[in-house]
Amino acid sequence: MTTTTEAGTPRVHPDAGRKDPRPRPRPGRIRRIGLPYLLLLPALVLELLVHLVPMVIGIVMSFKELTQFYIRDWGTAPWSGLDNYRVSVDFDAPVGEALLHSFFVTVGFTLLSVALCWLIGTAAAIFMQDTFRGRGLLRALFLVPYALPVYAAVITWVFMFQHDNGLVNHVLHDQLHLTDEPSFWLIGDNSFYALLTVSVWKGWPFAFLIVMAGLQNIPRELYEAAALDGAGMWQQIRRITLPSLGAVNQVLILVLFLWTFNDFNTPFVLFGRAAPEAADLISVHIYQASFVTWNFGTGSAMSVLLLLFLLAVTGVYLAVTSRGRRTSRAR
C-alpha cells in the first residue's frame with residue numbers, strides 16, 4: 001500500500017507486503033467441521049420429539065387438575081399449583097401412603113435384582129474365560145433370555161407360575177416335595193419372588209455380556225504372573241479381575257439400576273393392570289394412578305418425583321464412584 005507525500009513522491013506504507021496473520025477458514029474445512037453436526041441433526045430432532053417434548057408436557061400436566069373431564073382438551077384444565085405434589089408426598093393420606101409403600105417395594109426389588117444379575121452375570125463371564133469344548137454354544141444359550149421379546153418371555157413365565165398346572169409347582173411340589181401344597185405365585189406375598197425371578201432371569205445375560213466384553217481387556221499375563229506367585233483363583237479374581245472391571249461395573253450397575261427401577265413391561269405382563277400389593281412397583285403404581293383412576297395430574301406429579309429421585313441417585317452414585325476411582329489411582 002503506497003501514499004503520496006507533499007513533494008509528490010510515493011511513500012510505502014510500513015504494513016505493505018505483510019500477510020494477514022489471521023488464517024482465513026477454507027470452505028472445505030467448514031464443510032468438514034459442520035458435516036458431523038449435520039448428520040447428528042436428525043437424531044437430535046427425534047430425541048427432542050420422542051423424549052424431551054413429552055417430558056415437558058408431563059411436567060406441565062403435573063401442575064394441572066387434569067382428570068377424565070378434561071381428557072379431550074387437557075390444555076383447558078385448571079391450574080392446581082403444587083397440590084398434586086402435596087397429595088403425592090402426604091404419607092398420612094391414602095394416596096401418599098400407597099405411593100410410599102410402592103417406593104419401598106421398588107427399592108427392595110431393584111437392589112435384589114441388580115445384585116443377583118451382577119453376581120450371576122459376573123460369575124458366568126469369568127467361567128466362560130477358560131477355553132473348553134462347547135463354549136460358543138453355551139454363550140449363545142446364556143444370551144437367549146436377553147434376546148427373547150419381553151412379552152413372549154414373561155407370558156411363558158405366567159404359564160409356568162400357574163397354580164394348578166404350572167411347571168414351577170409341578171417341580172417344587174410334585175417332584176421335589178419341597179412344599180406342602182401348590183403355591184400361588186401370581187398373588188399374595190409370593191408375587192414378589194415371582195417378579196424377582198423373572199427380572200433376574202431376563203437381566204443377568206446383559207450383565208454377562210458386558211462383563212465378558214470387559215474381561216477381554218485384561219492381559220492374560222497378569223493371571224500367569226499371579227499364578228507363578230502362588231495366587232489362587234479367588235485371589236486372582238479379587239486382586240486382578242474385579243479391580244480391572246471397576247469402570248465397566250460402574251456403568252453396568254447404574255444401567256441395571258435405572259432399567260430395573262423403571263421396569264414396567266415385566267410386572268404389567270406378569271400381573272396385569274392390578275399388581276399385588278407385595279409386587280406393586282412404582283411404575284405400575286403410577287400407571288394405575290393415571291389410567292385407572294383417571295387422575296393424570298397426580299400421576300404426572302408422581303412421575304416428576306420419580307425423575308428427580310433417579311437424577312439424584314445417579315448424581316450421587318457417579319460422584320461417589322468417581323471419587324473412589326481417583327482415590328484408588330492415587331494410591
Side-chain angles (χ1 to χ4, degrees), residues 45-111 113-114 150 191-192 195 199 254-319:
V45 172
L46 290 177
E47 181 74 16
L48 179 66
L49 295 176
V50 174
H51 292 286
L52 295 182
V53 172
M55 186 182 302
V56 173
I57 294 176
I59 294 175
V60 174
M61 289 170 57
S62 67
F63 294 101
K64 285 178 169 288
E65 190 179 346
L66 184 58
T67 59
Q68 68 268 30
F69 303 106
Y70 301 97
I71 294 299
R72 184 168 298 180
D73 189 7
W74 69 273
T76 60
W79 287 92
S80 61
L82 298 176
D83 290 344
N84 292 324
Y85 293 92
R86 294 191 186 99
V87 171
S88 300
V89 298
D90 186 5
F91 302 132
D92 295 328
V95 175
E97 184 180 1
L99 180 63
L100 184 63
H101 168 77
S102 177
F103 173 78
F104 284 135
V105 170
T106 308
V107 169
F109 163 76
T110 302
L111 294 179
S113 178
V114 171
V150 175
S191 59
F192 179 85
L195 179 61
S199 177
L254 179 60
V255 171
L256 286 175
F257 176 83
L258 295 177
W259 282 1
T260 307
F261 208 98
N262 284 316
D263 189 12
F264 174 80
N265 294 329
T266 302
F268 186 80
V269 178
L270 194 62
F271 303 116
R273 299 177 62 180
E277 186 177 0
D280 184 22
L281 297 188
I282 197 167
S283 57
V284 180
H285 186 87
I286 293 176
Y287 167 81
Q288 292 175 346
S290 300
F291 294 94
V292 176
T293 64
W294 297 94
N295 197 335
F296 293 95
T298 304
S300 299
M302 293 179 182
S303 299
V304 174
L305 292 174
L306 175 61
L307 174 64
L308 295 177
F309 170 76
L310 293 178
L311 288 176
V313 171
T314 301
V316 172
Y317 174 80
L318 292 177

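Quantities reported herein were computed from a predicted structural model and do not represent experimental measurements.
Looking only at distances, no side-chain donor or acceptor of S113 sits under 3.5 Å from a matching main-chain atom of T110. Side-chain atoms of H101 come within 3.5 Å of backbone atoms of E277 as a donor-acceptor pair (strictly under, hydrogens ignored). Within the 3.5 Å criterion, the main-chain N or O of D263 finds a donor-acceptor partner in the side chain of S283.
Considering only heavy atoms from C-beta on, M55 comes within 4.5 Å of L307 through its side chain. By the 4.5 Å heavy-atom criterion applied to side chains, S102 and D280 are counted as neighbours. Within the 4.5 Å cutoff, side-chain heavy atoms of T298 are placed close to those of S88. Between T67 and T293 there is no side-chain heavy-atom pair separated by less than 4.5 Å. The closest side-chain heavy-atom distance from W79 to K64 is below 4.5 Å.
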Could you walk me through whether M302 and V95 pass the side chain to side chain contact (heavy atoms under 4.5 Å, CB included) check?
-> CA-CA 11 Å; M302 293 179 182; V95 175; 3.7 Å; yes
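For the side chain to side chain contact (heavy atoms under 4.5 Å, CB included) test, residues two or more places apart in sequence or in another chain that qualify with S80 are E65, D83, N84.
For the atom pair L66 CG and T76 OG1, the distance stands at 8.5 Å (nearest 0.5 Å). The line from CG of L100 to CG of D90 is 11.0 Å long, rounded to the nearest 0.5 Å. Distance check, rounded to the nearest 0.5 Å: OG of S300 to CG of N295 gives 9.0 Å. Rounded to the nearest 0.5 Å, atoms CE (M61) and OG (S290) are 7.5 Å apart. Here the CG atom belonging to L281 is positioned 9.0 Å from the OG1 atom belonging to T266, to the nearest 0.5 angstrom. Here the CG atom belonging to L306 is positioned 8.5 Å from the OG1 atom belonging to T106, to the nearest 0.5 angstrom.
Between L49 and P54, the shortest heavy-atom distance links the atoms O-CD, 3.3 Å. Annotation for G96 and F91: closest pair O-CD2, 3.3 Å, computed over non-hydrogen atoms.
Under the ring pair (Phe, Tyr, Trp, His ring centres under 6.0 Å) criterion, the residue pairs touching residues 258-284 are F206-W259, F257-F261, F261-F309, F264-F268, F264-Y287, F268-Y287, with sequence neighbours excluded.
By the 30° and 60° cut-offs, the orientation of the rings of F192 relative to F109 is perpendicular.
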